[in-house]
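Below: the structure, in structure tokens.
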Amino acid sequence: MKIAVTYENGQIFQHFGHTEQFKIYTAENGTIIESEVVDTHGSGHGALAGLLSVLGVNALICGGIGGGAQMALAEAGIKLYGGVSGSCDAAVEALLGGTLGFNPNVKCDHHDHEHGDGAHTCGDHGCGHHCSGNNCH
């Protein structure tokens, strides 16, 4: 089984469509046997599902994710575990152990409202992604 996690400095990155890296774990019999960090090379949103499919990923752990990306993952046969935060390694261990807390109805709807000057200054996007100051990412 291959599990991908949106990755930033060991933590689950909270916006799937803007993730610059995934940590890919290979697991057998409930145990992680290998992991590597993979760069997305600037791919965004729907293209990321294609990248994960090419990498042979079976499951994705992430924070917020939009409906289009969710559909692309479903079409690629990748199981989604959204609404998760914290350590990537701990989340994968929890998934393998059957104890991962996730939100099956996760939504990222910040694309549906205006930010004024285009900068993210709204604080909470409603997808688990919280801004501080004027720079979200």
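If you read the sequence from its start, that first residue is 1, and numbering goes on from there. Computed from a prediction, not measured in an experiment: that's the story for all the values here.
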Quick check: are there more than 12 heavy atoms from other residues, nucleotides or ligands sitting under 6.0 Å from CD of E20?
no
For V57 and F22: C-alpha separation, side-chain torsions, deciding distance, then whether side chain to side chain contact (heavy atoms under 4.5 Å, CB included) applies.
CA-CA 11 Å; V57 168; F22 289 105; over 6 Å; no
For D89, all residues meeting salt bridge (charged side-chain N to carboxylate O under 4.0 Å, His left out), sequence neighbours excluded:
K23
I24-Y7 co-clustered via ILVMFWY side chain contacts under 4.5 Å
no
I would like to know whether T6 and L48 meet side chain to side chain contact (heavy atoms under 4.5 Å, CB included); could you show each step before the answer?
CA-CA 10 Å; T6 52; L48 292 172; over 6 Å; no
Which hydrophobic side chains are connected to V84, either touching it within the sub-4.5 Å cutoff or through other members that do?
M1, I3, V5, I12, Y25, I32, I61, Y81, V92, L95, L96, L100, F102
Rounded to the nearest 0.5 Å, how far does CG of N105 lie from CD of Q70?
9.0 Å
Nearest heavy-atom contact between A4 and L52 is CB-CD2, 3.6 Å
Apart from M71 itself, its cluster of hydrophobic side chains linked below 4.5 Å comprises none
Worked check of side chain to side chain contact (heavy atoms under 4.5 Å, CB included) between Q11 and C88:
CA-CA 5 Å; Q11 300 295 304; C88 293; 5.6 Å; no
Atom of L80, atom of C62 and distance for their closest heavy-atom approach
CD1-SG, 3.7 Å
Rounded to the nearest 0.5 Å, what's the gap from CD on Q21 to CG on D39? Could you check?
5.5 Å
G82 backbone acceptor or donor facing N103 side chain under 3.5 Å
no
Look up atom CD in E28 and atom CD in E34, then write down how far apart they are to the nearest 0.5 Å.
9.5 Å
Please test H18 against F13 for side chain to side chain contact (heavy atoms under 4.5 Å, CB included), starting from the C-alpha separation and ending with a verdict.
CA-CA 9 Å; H18 289 253; F13 186 69; 4.0 Å; yes
